Amino acid sequence: MRAEFDDNLITGNEMIDSQHQELIDRINSLLIACEKEDAAEEAAEMLKYLSDYVNFHFEAEEKFQEEIGYPGIKEHKAKHAEFKQTVGA
């Protein structure tokens, strides 16, 4: 099963939406790599990229939320922290 970037994920902010699309594309690439035989190195590289990109994205998203005074920023940051702890990012 592949992840899909659909209308439910669109924020209306081009930077955030393009980063979300990138994350989904790379997650799908990881899933494809995991289905291949002898793709352990490719999968490991994808995981490293995703870990780095998640940190980059969360930082950018939180900065943007602070700039616009997003009312749910505290809860959103908590979700980011929970996700990073879960995946070891």
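Numbering of residues begins at 1 and proceeds along the displayed sequence. This one's a predicted model, so the numbers in the text were calculated from it and none came from an experiment. Basis for what follows: all heavy atoms, side chains included, without hydrogens, waters or symmetry-related copies.
Every residue meeting the side-chain contact (heavy atoms from CB on, under 4.5 Å) condition with K77, not counting sequence neighbours, appears here in chain and number order: E62, E66, I73. Listed by chain and residue number, nothing satisfies the side chain to side chain donor-acceptor pair (under 3.5 Å) test with S18 (two or more places apart in sequence, or in another chain). Take E75 and apply the salt bridge (charged side-chain N to carboxylate O under 4.0 Å, His left out) test, not counting sequence neighbours, and it matches no residue. Every side chain to side chain donor-acceptor pair (under 3.5 Å) that D17 has, sequence neighbours left out, goes to T11. The salt bridge (charged side-chain N to carboxylate O under 4.0 Å, His left out) test applied to E45 returns no partner, not counting sequence neighbours. For K74, the salt bridge (charged side-chain N to carboxylate O under 4.0 Å, His left out) test picks out no residue, with sequence neighbours left out. Among residues two or more places apart in sequence or in another chain, the ring pair (Phe, Tyr, Trp, His ring centres under 6.0 Å) test is passed with F56 by Y53. In this structure, E59 has no side chain to side chain donor-acceptor pair (under 3.5 Å) partners at least two apart in sequence or on a different chain. The side chain to side chain donor-acceptor pair (under 3.5 Å) test applied to K63 returns no partner, not counting sequence neighbours.
A continuous path of Ile, Leu, Val, Met, Phe, Trp and Tyr side chains, each step under 4.5 Å between heavy atoms, connects V54 with M46, placing both in one hydrophobic cluster.
Residue pairs meeting the salt bridge (charged side-chain N to carboxylate O under 4.0 Å, His left out) criterion with at least one partner in residues 1-14, sequence neighbours excluded, are R2-E35. Within the structure, salt bridge (charged side-chain N to carboxylate O under 4.0 Å, His left out) contacts touching residues 47-57 (residues at least two apart or in different chains) are K48-D52.
Ring-centre distance between F58 and F83: below the 6.0 Å cut-off.
Within a 6.0 Å radius of CD in E67, more than 12 heavy atoms belonging to other residues, nucleotides or ligands are found.
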Indicate every side-chain donor-acceptor pair of residues 19-33 with a distance under 3.5 Å to a residue at least two apart or in another chain.
{"residue": "Q19", "atom": "OE1", "partner": "H57", "partner atom": "ND1", "Å": "2.5"}
{"residue": "H20", "atom": "NE2", "partner": "H57", "partner atom": "NE2", "Å": "3.1"}
{"residue": "H20", "atom": "NE2", "partner": "E61", "partner atom": "OE2", "Å": "3.1"}
{"residue": "Q21", "atom": "NE2", "partner": "D25", "partner atom": "OD1", "Å": "2.8"}
{"residue": "E22", "atom": "OE2", "partner": "R26", "partner atom": "NE", "Å": "3.0"}
{"residue": "E22", "atom": "OE2", "partner": "R26", "partner atom": "NH2", "Å": "3.4"}
{"residue": "E22", "atom": "OE2", "partner": "Y49", "partner atom": "OH", "Å": "2.7"}
{"residue": "N28", "atom": "OD1", "partner": "A3", "partner atom": "N", "Å": "2.8"}
{"residue": "N28", "atom": "ND2", "partner": "A3", "partner atom": "O", "Å": "2.9"}
{"residue": "N28", "atom": "ND2", "partner": "I24", "partner atom": "O", "Å": "3.4"}
{"residue": "S29", "atom": "OG", "partner": "D25", "partner atom": "O", "Å": "3.1"}

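The distance from atom CZ of F64 to atom CG of N13, rounded to the nearest 0.5 Å, is 4.0 Å.
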